[in-house]
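As structure tokens, the structure follows; a few thoughts come after it.
Hydrogens, waters and symmetry mates play no part in the numbers below; they use all other heavy atoms, side chains included.
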Amino acid sequence: MQSLGERGAMNFYLRHLTGRRAGEIAQYEYGNIRIGRDEYNDLQLDPEEDAQVSGRHAMIFERAGQFVIEDLKSLNGTYVNGERITESTVLKDGDEIELAPGGPRMLFSTKAPRSTLEVEGAVAKEGKKIVKSPTLMISDAYIKARKNGEGRIGNVTSTFIRQLAHEASVHASRRLKVGMSLIVLLFIGISAFLLSRNLLQQQQIAALIQETSEIQEARRHLQTEREALGKESAELREQVARQGAELRRLESLVADLSQGGVESTVTEDGSVSVNLPSVLFGYDDVDLTATGQEKVEHIASVLASLAGAEKIIIEGHASREPGGSEEHNTRLSRARAETVAAALVAAGVSEENIAIEAYGSSRPIADNDTDEGRRRNRRVSVLISGANEPDAPAATVERSESKEEEEAKGPRLI
């Protein structure tokens with residue numbers, strides 16, 4: 001796989017093999033792609049048909065020029081080529097991803113998809129089914145009819161009808177099969193009309209009457225659409241106004257944070273990312289430094305003055321050094337996040353609005369081979385969003401183990 005520097009922004013493709021999206025091929029650009037049933041995922045699966053998939057099931061992201069998949073502590077697990085993954089796993093072209101046993105399966109690739117008919121051939125060879133939209137089925141049927149016919153209208157028409165019937169039986173979804181059957185019957189009727197010359201005049205008269213009725217119906221339909229578009233336009237204007245007000249609120253929050261020397265930015269998903277200084281924690285320590293305590297108290301004072309509906313995610317991180325274990329590293333990063341959470345709660349922030357994530361040393365922002373890099377990696381990040389989400393994890397500010405118990409476990413990663 002080419003590195004990011006060699007190709008610019010990296011793309012990858014997921015071809016859905018089973019589930020409601022079977023047959024679809026989606027392209028994703030460089031960045032973190034979250035997968036699950038919840039609506040805020042980048043790839044949302046069907047909440048009813050894909051019930052075995054968790055709300056936040058898995059994530060695909062780029063790391064060191066490769067795409068990696070990671071299970072987000074889902075209930076039923078994530079599988080790559082039939083094997084359940086327990087840690088971040090590098091994806092290769094042709095790898096099959098399955099979300100829970102018997103759940104949706106998809107094929108990973110970094111290569112651009114082929115044309116519709118080529119993809120159909122590849123799927124058929126693998127024994128998989130591809131679902132097409134009505135427009136795509138009609139287009140493919142016409143292409144095959146022109147290719148197989150002899151160029152005369154009668155032959156092309158009859159071949160097209162037979163091919164369209166085949167497309168509907170093989171590639172239509174369950175909901176579309178009945179509709180496609182009606183479409184095939186309609187084309188059969190049109191063909192019979194063209195071939196029945198003895199009834200041409202009577203059919204022309206009936207067609208004119210029908211056309212007049214359809215024109216009147218079309219006028220009524222256009223009027224209804226015009227009214228619906230006017231309503232939709234008003235709703236869009238209201239939505240733009242709401243989004244503008246939300247952006248101004250977030251910008252005001254950033255300005256309030258900056259007054260205490262805390263850097264923060266508004267993210268694309270409408271959250272505020274607080275960039276805490278890299279002097280929060282010392283070596284192998286979970287207590288805030290004096291500078292860190294000052295910054296956290298300012299953040300808490302700003303949050304305590306808000307409406308109280310904000311959701312706060314505190315992410316704990318640690319540096320990596322030789323001679324330790326990642327298990328301790330994860331505990332240490334959680335303890336650091338809990339320290340910041342406890343300081344926020346003590347300053348008046350609602351504990352119910354706080355969620356904690358512990359990443360250990362899995363997401364460094366600097367080189368762990370230098371003292372400066374390790375110092376920067378001992379950090380806590382804070383994400384502030386507009387309101388609580390229904391499936392957000394509950395806050396946890398109690399430490400599972402004391403510092404003395406951790407020290408008794410031997411070498412550490414800090």
Side-chain angles (χ1 to χ4, degrees), residues 32 34 56 59 61-64 66 68-73 85-90 262-264 271 273-297 299-300 312-346 354-384 393-414:
N32 293 347
R34 291 183 182 268
R56 288 188 353 168
M59 179 173 67
F61 57 95
E62 188 273 340
R63 184 173 65 192
Q66 295 179 311
V68 176
I69 186 170
E70 178 178 306
D71 184 84
L72 298 179
K73 299 180 181 179
I85 61 174
T86 57
E87 57 185 15
S88 298
T89 302
V90 175
V262 176
E263 296 183 359
S264 59
S271 301
S273 175
V274 179
N275 305 316
L276 291 174
S278 58
V279 292
L280 287 180
F281 303 99
Y283 178 88
D284 197 20
D285 198 358
V286 299
D287 295 323
L288 289 168
T289 63
T291 301
Q293 183 68 35
E294 178 184 346
K295 301 300 183 183
V296 171
E297 288 177 356
I299 294 172
I312 303 163
I313 301 177
I314 303 177
E315 299 178 344
H317 303 271
S319 61
R320 179 185 296 275
E321 290 188 2
S325 69
E326 183 63 19
E327 180 180 357
H328 166 74
N329 214 23
T330 301
R331 289 198 305 271
L332 182 60
S333 66
R334 176 173 289 277
R336 288 171 173 171
E338 290 171 347
T339 297
V340 175
L344 294 177
V345 172
I354 299 177
I356 289 175
E357 298 284 353
Y359 292 107
S361 61
S362 64
R363 297 186 177 183
I365 61 173
D367 190 352
N368 277 304
D369 293 333
T370 66
D371 291 339
E372 173 63 19
R374 289 189 291 271
R375 183 182 68 81
R376 292 182 61 194
N377 288 332
R378 302 176 196 125
R379 72 192 193 280
V380 170
S381 302
V382 179
L383 296 176
I384 306 170
T396 304
V397 295
E398 297 181 358
R399 298 179 185 174
S400 57
E401 295 181 336
S402 68
K403 185 176 181 181
E404 290 75 12
E405 290 173 332
E406 292 181 357
E407 289 175 347
K409 293 191 174 182
R412 303 171 172 231
L413 291 176
I414 44 145

If I take atom CD1 from residue Ile314 and atom CG from residue Leu383, how far apart are they, to the nearest 0.5 angstrom? 10.0 Å
On a heavy-atom basis, which atom in Gly316 and which in Val380 lie closest, and how many Å separate them? CA-CG2, 4.4 Å
As an exercise, state the distance from OG1 of Thr339 to CD of Gln293, rounded to the nearest 0.5 Å. 9.5 Å
Are Leu344 and Val296 close enough that some pair of their side-chain heavy atoms sits under 4.5 Å apart? yes
Rounded to the nearest 0.5 Å, what's the gap from CD1 on Ile85 to CD1 on Ile69? Could you check? 5.0 Å
To the nearest 0.5 angstrom, please state how far the CZ atom of Arg63 sits from the OG atom of Ser362. 8.5 Å
List for me each residue that meets salt bridge (Lys or Arg N to Asp or Glu O under 4.0 Å) alongside Asp371, sequence neighbours excluded, and say none if there are none. Arg374
Given side chains that start at C-beta, do those of Lys73 and Arg56 come closer than 4.5 Å, heavy atoms only? no
Main chain of Arg331, side chain of Ser333: is a donor-acceptor contact present, judged purely on distance under 3.5 Å? no
Taking ring-ring contact (aromatic ring centres under 6.0 Å, His included) as the cut-off, I'd like each qualifying pair that reaches into residues 355-380, sequence neighbours left out, listed once. His317-Tyr359
Please report the interatomic distance CD(Glu326) to OG1(Thr330), rounded to the nearest 0.5 Å. 4.5 Å
Nearest-0.5 Å distance that lies between atom CZ in Arg376 and atom CG in Asp367: 10.5 Å
Just by distance, do the side chain of Asn377 and the backbone of Ala366 share a donor-acceptor pair under 3.5 Å? yes
Over all atoms of both residues, closest heavy-atom pair of Leu332 and Ala318: CD2-CB, 4.5 Å
